[in-house]
Amino acid sequence: MSETPNSYRTGPDERGHFGLYGGRFVAETLMPLILELEQAYEDAKADPEFHAELKHLLDHYGGRPSPLYYAERLTEHLGGAKIYFKRDELNHTGSHKINNCLGQIQLARRMSKGRIIAETGAGQHGVAVATVAARFGLPCVVYMGCTDIERQAPNVFRMKLLGAEVIPVTAGSGTLKDAMNEALRDWVANVEDTFYIIGTAAGPHPYPAMVRDFQSIIGQEVRSQMMEAEGRLPDTLVACIGGGSNAIGLFHDFLDDKDIAIYGVEAGGLGLGNPDEHCASMNGGKPGVLHGNRTYLLQNDDGQIIEGHSISAGLDYPGVGPEHSWLRDTGRVSYVAVTDKEALEAFQLCTRLEGIIPALEPSHALAHVTKLAPTLPSDNLLVMNMCGRGDKDVFAVAGLLGVEM
Amino acid sequence: MTTRIDTRFAALKKEGRAALVTFTTAGDPDYDTSLALLKALPAAGADVIEMGMPFSDPMADGPAIQASSQRALKAGQTMKKTLQMVREFREGDSDTPLVLMGYYNPIYIYPVEDFIKDCLEAGVDGLIVVDVPPEEDEELCIPALKAGLNFIRLATPTTDAKRLPTVLQNTSGFVYYVSIAGITGTKAPDPSEVHAQVARIKAKTELPVAVGFGVQTPEQASAIADGADGVVVGTALVKIIESSLDSEGKGAPEAVEKVTKLVRSLADGLTSSETVAAK
């Protein structure tokens, strides 16, 4: 365990480090651009006009603020904590990803970059990127693993409708890690005119901090919405973790409210026994360097990255954002894992009890809520980030439940 | 301290020709074929040997070298076996400089201190680690330099005048100029542009400059060598290994022969060309 810091909200340092984690581990070709991006982001942060434009887009195009909803029937069913959903699945494009994409496309325009690239796993980020690229008339290329293309077909078609080129990646197991490798290769080759919109709070500095900043609006809204609903702050926060952008978005504003218990839920796949069968990098991995940052990774003893497995394409990634790694080591956030099966059960429970079809990603957070809530008193205010809607998953879930469509 | 790399480049400068730097991946397509190839390279005309340490996620490499990395890992190559290969090579060759190229994670996991120690003991002369830029120098570069290994840095078309001193600082052995903005083996470099860039780098350092990332044919190598101290050829060699696999994907003995044949013609091309060093 690291020493307890005075504040959990001051990171990263000027070199992009969250304690041991983060940094800028990229090829030299990218370094000048990474430094340029860092400067451009610093300038944008200090520019009130940037914030005003972004707020306008978030409110009128993205649909913010998203509601904080009291999940009454789920609360009654579980018989414990009072459960609220932060409804980021109601955003334009159906997930929290639009928050970050609107921020980064504004930055791309400030930097006069004329071409947008992205990686995507579940396709939620890809759809959000294709959407903002269409909105601002910029050509867009999305890299997506071929396994994910198969299990998230509706999102592939959405991206194409939006005018994006979707390039299938066959390397590795054809999931998010491989898509990110390929996007990095594209970026290196087109560094002059291309802006890479990374979808999660990982990658080389300044991406982890930048994506977190753009997603932090989730937690900021929860703070004021909960004050309005209950007259006080929440007691418990729960969010799922792949790279961890929705989670850090919910958590960050509350990290220094030390009485609030915070849980990040990793994809436990078929169980944590075999490293090939889950994607819980913080529960079953160790620190390493991949995709521009040091963080917890699933890897073998020789430092080769293990593909992992999750039912959810959005969580099927062998790493995690570096700030989460640091929050894990400091003990501020508890990181747990739930299995594919538990997530699938939570998916069905929520659909029937609340009339909300969650994406398979937040179904992991929900599964942990079903375990946690009954252990808590009824005055415990629990907020779970409903970070995506499940429309994209219905075909895959039908298959898993043995239903022919 | 003078390393094999320094000695070799100084000798070639006297001869007035550029160094041929060959790249192959350690353990591709299997340990024995790869070692046989390694041993055959100096006699075929390789002046400096660059050997790739296979990694599951080679972000800076094109399809050919990605596939070679995957073949090696599938055949059971590990970091320890790569160092063992260097040891076995050194038993019969104490002069040819050997540089290991790769990505940081397997070194970090090794871990760094032990890796540097084992490199020195095995007879490695230098390291090229793609994803450790100067901003992260204290991770690996400084400890490697202190221990007596060369740390060879990549300079690229995006390394502008402002950044070049940062890249050159803490670089030793030679500077590796990446001739294209992109990944290995995907675009052909423009020789005149490369020569201008190499001249720009040479104005700021005494170190030799070798050029790589897009050089595939003897003609290209010869044209690039006219303005550089060395030429790196990798993808073209790795593609020969790929094309000589048998129907089960296993290495064939003629792979060594075919690769060394290309190395010989690359070397002949360099001998007949005049280098910057001689001018």
message: Between B/Asp160 and B/Arg200 (salt bridge meaning N to carboxylate O under 4.0 Å), is one present in this structure?
response: no

task: Can you tell which part of A/Asp186 gets under 4.5 Å to a heavy atom of chain B, answering side chain, backbone, both or neither?
output: neither

query: chain B heavy atoms under 4.5 Å from A/Leu297: which part of the residue, side chain, backbone, both or neither?
result: side chain

field: Top contributor to chain A interface from B/Thr156, B/Asp61, B/Ile180 [non-hydrogen pairs under 4.5 Å]
entry: B/Thr156

- prompt: Can you say whether B/Gln70 sits under 4.5 Å from chain A via the side chain, the backbone, both, or neither, judging by heavy atoms?
  reply: neither

message: Could you tell me if the side chain of B/Cys119 sits less than 4.5 Å from the side chain of B/Leu127, heavy atoms only?
response: yes

- prompt: Is B/Lys80 positioned over the aromatic face of B/Tyr110, cation under 6.0 angstrom from the ring centre and no more than 45 degrees off axis?
  reply: yes

field: Portion of A/His205 that has a non-hydrogen atom of chain B nearer than 4.5 angstrom
entry: neither

statement: Whatever's closer than 4.5 Å to a heavy atom in chain B on A/Pro204 counts as neither

field: Within 6.0 angstrom of A/Lys45 NZ, more than 12 heavy atoms from elsewhere
entry: yes

query: Looking at A/Arg15 and B/Glu135, does any basic side-chain N land under 4.0 Å from a carboxylate oxygen?
result: no

query: Charged N to carboxylate O under 4.0 angstrom, B/Glu242 versus B/Lys239?
result: no

- request: Please determine, among B/Glu136, B/Gln66, B/Arg153, B/Lys162, the option with the most heavy-atom pairs under 4.5 Å with chain A.
  value: B/Glu136

- request: Heavy-atom pairs under 4.5 Å with chain A are the metric here; pick the option from B/Val132, B/Val178, B/Leu73 that has the most.
  value: B/Leu73

field: Engaged part of B/Pro54 at the chain A interface, taking heavy atoms whose separation is under 4.5 Å
entry: backbone

Sidechain-backbone polar pair: B/Asn105 side chain, A/Val289 backbone, donor-acceptor under 3.5 Å: yes

- prompt: Which bit of A/Leu35 comes within less than 4.5 Å of chain B, counting heavy atoms only: side chain, backbone, both or neither?
  reply: side chain

task: State, yes or no, whether a side-chain contact exists between A/Thr295 and A/Pro208 at a heavy-atom distance under 4.5 Å.
output: no

query: Under a 4.5 Å heavy-atom cut-off, does chain B meet the side chain of A/Glu307, its backbone, both or neither?
result: neither

query: Of the listed residues (A/Lys286, A/Glu28, A/Met31, A/Arg24), which shares the most heavy-atom pairs with chain B below a 4.5 Å separation?
result: A/Glu28

message: Counting only non-hydrogen atoms closer than 4.5 Å, does B/Tyr108 touch chain A with its backbone (N, CA, C, O), its side chain (CB onward), both, or neither?
response: side chain

